[in-house]
J.: 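For reference, the structure I am asking about is given below.
By convention in this document, chain letters (A, B, ...) are assigned in the order of the sequence lines, proteins followed by strands, and residues within each chain are numbered from 1.
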2 protein chains.
Amino acid sequence: MPREPHAPAEPRAPRADAQRNRDHLLAAAATLVTEQGTQASLRDVARRAGVGLGTLYRHFPTREDLLEALLGRRFEHLAARADTLAATEPAERALTDWLHEFTLDAGAYHGLPATLMATLSDPESALHALCLRMRQAGGRLLAAAQQEGVIRPDVTALDLFALANALSWITDQAPTLAERRDHLFRLVLDGLRPRP
Amino acid sequence: MPREPHAPAEPRAPRADAQRNRDHLLAAAATLVTEQGTQASLRDVARRAGVGLGTLYRHFPTREDLLEALLGRRFEHLAARADTLAATEPAERALTDWLHEFTLDAGAYHGLPATLMATLSDPESALHALCLRMRQAGGRLLAAAQQEGVIRPDVTALDLFALANALSWITDQAPTLAERRDHLFRLVLDGLRPRP
DNA sequence: ACCTGAACACCGTTCAAGT
DNA sequence: ACCTGAACACCGTTCAAGT
């Protein structure tokens with residue numbers, strides 16, 4: 001039943017050893033990036049995965065490719081959250097809740113806010129598309145809130161992306177300020193509401 | 001006339017060659033840090049200064065020491081600006097003008113916002129005292145503005161320092177957003193004003 | 001197809017040897 | 001006192017050689 005002579009070109013299943021190496025690399029990367037941040041040594045990742053350095057580069061040609069694989073699910077989930085919040089919460093609440101969750105995800109690893117922000121100037125980055133989807137998801141919630149007049153009309157989805165990353169960056173850079181995070185978040189968000 | 005037998009311990013003048021090396025190091029660092037940011041290679045700095053690598057470490061034991069020497073004058077000037085603004089401008093204007101100038105200085109080199117922000121968790125850094133003076137200068141302007149009721153009372157000098165650095169960081173990280181800088185600045189500052 | 005690891009060109013930091 | 005540069009322990013990235 002398989003082996004159709006002219007079957008439509010299915011994507012070949014990867015060789016078993018290749019798949020296993022990929023899994024080991026991702027597991028090793030998850031550990032090291034959690035411990036040391038987005039700048040963790042790629043040599044260490046390969047070492048911990050029990051794999052040659054070239055194998056890491058074969059599976060993930062750039063550091064961003066590796067991070068994308070690590071972050072994909074998390075941010076897909078976040079994009080979906082935008083739609084559920086839009087459906088269940090008032091526009092302003094949906095926007096602020098979602099932005100708050102975004103700042104948490106953007107701070108998942110040390111150095112991640114900087115990595116995400118750098119994506120804006122680098123369309124080749126494997127994280128570029130991921131960040132674009134985030135801007136679009138945030139943009140939809142933003143438009144709804146602006147429609148209701150609860151957010152200034154001169155705020156763009158890009159502004160939101162930059163500000164939310166900047167807020168994540170503050171606690172990433174100075175853990176001392178972790179306790180001020182929610183307060184700073186509210187201050188900045190307040191600046192986005194129209195002046196009466 | 002010199003050579004007083006029991007003259008009070010004057011700080012010995014540095015040897016002429018040492019002084020010359022120091023000057024060359026600072027000139028080289030100024031060029032390379034301007035071109036490549038705060039993470040410029042120290043090897044390159046020594047090379048361009050025409051000096052051995054050990055000589056660089058003798059004069060500037062850490063990268064922060066070098067940056068401090070590079071930034072000292074600039075930020076001293078900025079601290080003085082706080083007092084002149086306080087004396088000549090209304091409190092709110094003085095605060096926003098000064099903060100705006102701070103964001104410009106904090107963005108003088110690539111990577112500088114991150115370097116400055118990191119000093120909060122590192123009291124040993126040569127830049128720690130410099131950043132403290134900035135927080136104090138900003139804090140005085142903040143207190144005056146709060147006294148007049150034009151800025152929320154729950155904003156601290158640390159909040160200001162973090163937010164201003166974060167704004168500098170946005171354009172540092174994504175030059176694309178340079179055109180949005182002043183707009184983002186105003187949005188954030190607006191969030192610091194009391195709600196009516 | 002896929003994997004390995006040596007090779008290359010860099011780092012930051014230290015320190016024995018020089019003047 | 002001060003300077004030098006080799007030495008050490010790391011990087012990221014590439015690529016010839018293997019299975």
Side-chain angles (χ1 to χ4, degrees), chain A residues 9-29 32-33 35-70 109-111 114-115 118 122 124-127, chain B residues 9-29 32-33 35-70 109-111 114-115 118 122 124-127:
Chain A
E10 285 178 34
R12 291 215 159 275
R15 251 167 52 174
D17 57 343
Q19 181 61 48
R20 204 175 40 232
N21 282 339
R22 209 190 121 93
D23 293 344
H24 288 162
L25 280 165
L26 281 175
L32 286 174
V33 171
E35 285 174 12
Q36 312 183 9
T38 57
Q39 299 308 314
S41 157
L42 297 178
R43 258 190 162 81
D44 278 351
V45 171
R47 208 136 43 196
R48 175 179 259 264
V51 140
L53 201 37
T55 304
L56 184 151
Y57 277 93
R58 163 173 274 267
H59 286 279
F60 306 103
T62 71
R63 175 174 239 112
E64 281 73 29
D65 286 301
L66 184 57
L67 291 172
E68 206 278 337
L70 238 40
Y109 304 129
H110 286 145
T115 304
D122 179 15
E124 306 304 312
S125 165
L127 291 165
Chain B
E10 285 178 34
R12 290 217 157 273
R15 252 166 52 173
D17 57 342
Q19 182 61 49
R20 203 173 42 231
N21 282 340
R22 209 190 121 92
D23 293 345
H24 287 163
L25 281 164
L26 280 175
L32 285 175
V33 170
E35 284 174 12
Q36 313 183 10
T38 58
Q39 298 309 315
S41 157
L42 297 178
R43 257 191 163 78
D44 279 352
V45 171
R47 208 138 43 197
R48 174 178 260 263
V51 140
L53 201 36
T55 302
L56 184 150
Y57 276 93
R58 161 173 275 267
H59 286 278
F60 306 104
T62 71
R63 174 173 241 113
E64 281 73 29
D65 286 301
L66 185 56
L67 291 173
E68 206 277 338
L70 238 41
Y109 303 129
H110 285 145
T115 303
D122 178 15
E124 306 304 312
S125 165
L127 291 165

J.: Check every atom of dC11(D), dC11(C), dA1(D) against the side chain of R58(B) and return the nucleotide holding the closest atom.
T.: dA1(D)
J.: Figure out the CG/C1' separation between D65(A) and dT13(D), and round it to whole Å.
T.: 14 Å
J.: May I have the distance from L66(A) (atom CG) to dT13(D) (atom P), rounded to whole angstrom?
T.: 12 Å
J.: Short question: side chain of R22(B), backbone of L56(B) - any donor-acceptor pair under 3.5 Å?
T.: no
J.: Is a side-chain donor or acceptor of T115(B) paired with a backbone partner of G111(B) at a separation under 3.5 angstrom?
T.: yes
J.: For the side chain of D44(A), starting at C-beta, report the closest nucleotide among dC11(D), dC3(C), dT13(C).
T.: dC11(D)
J.: Think N21(B) has a side-chain N or O under 4.0 angstrom from the OP1 or OP2 of dC2(D)?
T.: no
J.: Rounded to the Å, how far apart are Q39(A) CD and dC11(C) P?
T.: 17 Å
J.: At under 4.0 Å between heavy atoms, what does L42(B) touch on the DNA or RNA strands: base, sugar-phosphate, or nothing?
T.: sugar-phosphate
J.: Are OP1 or OP2 of dC2(D) and a side-chain N or O of H59(B) less than 4.0 angstrom apart?
T.: no
J.: What does dC15(D) pair with, Watson-Crick or G-U, if both distances are under 3.5 Å?
T.: dG5(C)
J.: How many whole angstroms separate atom NE2 of H24(A) from atom P of dC3(C)?
T.: 12 Å
J.: Any side-chain to backbone donor/acceptor pair from R63(A) onto Q39(A)? Under 3.5 Å, distance only.
T.: yes
J.: Of all the choices, dT4(C), dG5(D), dC11(D), which nucleotide is nearest to the side chain of L53(B) once you look at every atom?
T.: dG5(D)
J.: How long is the line joining CG of D23(A) and P of dC3(C), in whole Å?
T.: 12 Å
J.: How many whole angstroms separate atom CG of L67(B) from atom C1' of dG12(C)?
T.: 15 Å
J.: Does dG12(D) have OP1 or OP2 under 4.0 Å away from a side-chain N or O of R63(A)?
T.: yes
J.: What integer distance in Å separates L32(A):CG from dC10(D):P?
T.: 15 Å
J.: Between R20(A) and D23(A), does any NZ, NE, NH1 or NH2 come within less than 4.0 Å of an OD or OE carboxylate oxygen?
T.: no
J.: Map Y57(A) and T55(B) onto DNA chain D by nearest heavy atom, then report which one ends up closer to the 5' terminus.
T.: T55(B)
J.: Given dC2(D), dT13(D), dC3(C), identify the nucleotide with an atom nearest to the side chain of D17(A).
T.: dC3(C)
J.: How would you label the contact of S41(A) with the nucleic acid (heavy atoms, under 4.0 Å): base, sugar-phosphate, or nothing?
T.: sugar-phosphate
J.: Indicate, with a heavy-atom threshold strictly under 4.0 Å, whether R22(B) touches base, sugar-phosphate, or nothing.
T.: nothing
J.: Who is the Watson-Crick or G-U wobble partner of dC10(C), with both distances under 3.5 Å?
T.: none
J.: I'd like to know if the side chain of N21(A) and the backbone of A18(A) have a donor-acceptor N/O pair within less than 3.5 Å.
T.: no
J.: Any donor and acceptor pair, going by atom type alone, linking the side chain of D65(B) with main-chain N or O of T62(B) inside 3.5 Å?
T.: yes
J.: For L56(A) and dC11(D), give me the distance from atom CG to atom P, rounded to whole Å.
T.: 13 Å
J.: Any base atoms under 4.0 Å from R20(B), or only sugar-phosphate, or nothing? Heavy atoms, all strands.
T.: nothing
